[in-house]
Structures are given as structure tokens and as C-alpha cells.
Amino acid sequence: MTDHLDAIRIEKLPEDAFYIADFITEEEETWLLQRITSAPRTRWTHLTHRRLQTWPSKLTQNNALISSPLPSWLESPVIHPRLERLGFFADAPHGAPNHVLVNEYRSGQGIMPHEDGAAYYPLVATVSLGSPIVLDLYERSRNEQPVEGGGRPRFRILQERRSLLVTTKRLYTDFLHGIAETRIDADLNATTICNWDMLRDRDAFEQGWYERETRISLTYRDVLKVVKLGNTMRFLSR
Ligand SMILES: O=C(O)CCC(=O)C(=O)O
Ligand SMILES: [Fe+2]
């Protein structure tokens, strides 16, 4: 899958991670943000430190997806044609993502270090909207999971708005990822940020920090287990 992707590989990371700074245009970003914010309020799940939308639906208790297409605004242009052209999901069981989480982080919000687990094919494609954010990676074998926000991440990835980040393989299985609950991402430079050379606008981070604004991520995944609603109904009524 990966030979033609060498130009976008984050070389400082263990295999495999890829970064494209200008994955979507400003117009596409505005349009996606508009689709997200105009979704019915009931679409949002409110958590303590962020809120999220789950498309096409939440997984069942045993981690299955009830078969249903993604809405067209999540399909195009991100999946079709962009991710398709890159071939990222070509080896996934369904050949394409079938599930998208929309996470919204206001300034100061984040997500505890975690792994995404066995419900998904081990590849996540994340499109960032609205504001840059730093994703922290902790290696599981080194027991790097921070205690109460302490602890230093092994790697940090700066995700600019309109960028694509793809993580897979060992990075998916052997590392935890999280986003610090902070209003300012600091200590940014070529040594601390592993995709520094791939940023669209390094000048914007030259002073070594920025103030976070609301950032929304679209995380595209392939859920392994897909069930047809008809079958589920038959099963339930047995
Ligand atoms: O917002 C992000 O970039 C990360 C979200 C995440 O880790 C998740 O939804 O599992
Ligand atoms: Fe995650």
C-alpha cells in the first residue's frame, strides 16, 4: 500500500503515519463546518470535555455497525476521491471507511490518552478543521500513559486546520494517543514536533506556541463488524 506514499510519510515516527497539510481547501472546510454545525442538536453526544457526532450511527453494544451509508457530505470530497486516490483503505475489509466520528474541542478541552481498540480496522484518517491542535503519542510498552496529565509524550504531531493525518500499524496497536486539555500548545519547534518539516505554515508557529481555538476533527474508520438491520431485528425477535 505504501510505496507511493513515501512523500507524505512522517519519517520521525514508527510505522506508519502520514501527513498532508493541504488536504482540503478553505471552501471545503467552511462547507464541512457548516454541515456539522447545522446538524440537529440531538446529533451531539455531550461528554465532560468535548462533544461528538457519530455517523452514520453509534456502534451496537458488541461493537457492530448497523449497515447504513454515510451522508454524502462525509463521503465527498474526503473519501471520494481523495482517500480513494491515496489507497489508504484499499486493504481494509470494506475497502473504504464506513464510520466517522466528529469530535469538537473548545479551547482548553482534549481527550485522555487511549487506544481506539479492536472494533476497527487499524487505520484512522483524521481531517482537522477550525484550529491547529497537537496530538500526543505515548508508547504502551514504556508505560508512558501519563498520571493525571503529568508524563511526557513520546511524540507530538501538530495538526493544522485542513490537514489529513493517517495513523496505522504499530502506531495504532502499540501507542496511545491523546490531546492535552490546554488553551495554549507550547514548546513547538523542529525537535519537539515530529511533522515540523511537513507543515504548511511553519511561520505561524515560529514563536513556539499558539492559542487554541475550537477545533473539529473528522475521524474516518472501517468498522469490522457490519450487520444488516433486518438480520438484527430477526435475531431480536427470535
Ligand atoms: O480528535 C482527534 O484528533 C482524536 C479523536 C480520537 O482519538 C478518537 O475519536 O478516538
Ligand atoms: Fe482515538
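Note that ligands are numbered from 1 as they come in the structure, with each ligand's atoms numbered from 1 the same way.
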- Message: Check the orientation of Trp73 and Trp55. Use parallel for under 30°, tilted for 30 to 60°, and perpendicular for over 60°.
- Response: perpendicular
When you pair each N or O of ligand 1 with protein N or O atoms, which pairs come out under 3.5 Å?
residue  : atom   : partner : partner atom : Å
ligand 1 : 1 (O)  : Tyr105  : OH           : 2.6
ligand 1 : 1 (O)  : Arg215  : NH1          : 2.8
ligand 1 : 1 (O)  : Ser217  : OG           : 2.7
ligand 1 : 3 (O)  : Arg215  : NH1          : 3.1
ligand 1 : 3 (O)  : Arg215  : NH2          : 3.1
ligand 1 : 7 (O)  : His114  : NE2          : 3.1
ligand 1 : 7 (O)  : His177  : NE2          : 3.0
ligand 1 : 9 (O)  : Asn103  : ND2          : 3.0
ligand 1 : 10 (O) : His114  : NE2          : 3.2
ligand 1 : 10 (O) : Asp116  : OD1          : 3.2
ligand 1 : 10 (O) : Arg221  : NH2          : 3.0

- Task: Could you tell me which non-hydrogen atom of Asp22 sits nearest to which non-hydrogen atom of Arg162, and how far apart they are?
- Result: OD1-NH1, 3.0 Å
- If every non-hydrogen atom of Phe88 is compared with every non-hydrogen atom of Leu123, which pair is closest and at what distance? O-CD1, 3.4 Å
- Could you grab the distance from atom CD1 of Ile157 to atom CG of Leu135, nearest 0.5 Å is fine? 5.0 Å
- Excluding waters, which are neither shown nor counted, protein N/O/S atoms under 2.8 Å from the Fe ion (ligand 2) come to 3
- Are any of the side-chain nitrogens in Glu139 or Arg170 under 4.0 Å away from the carboxylate oxygens of its partner? yes
- Query: So does Lys169 pair up with Glu15, basic N to acidic O under 4.0 Å?
  - Reply: no
- Please determine if Arg106 and Glu181 form a salt bridge, counting it only when a charged side-chain N lies under 4.0 Å from a carboxylate O. no
- Message: Within 45 degrees of the ring normal and closer than 6.0 Å to the centroid, is that where the cationic atom of Arg154 sits relative to Tyr138?
- Response: no
- Task: Answer yes or no: is there a donor N or O on one side and an acceptor on the other, between the side chain of Gln207 and the main chain of Trp209, under 3.5 Å?
- Result: yes
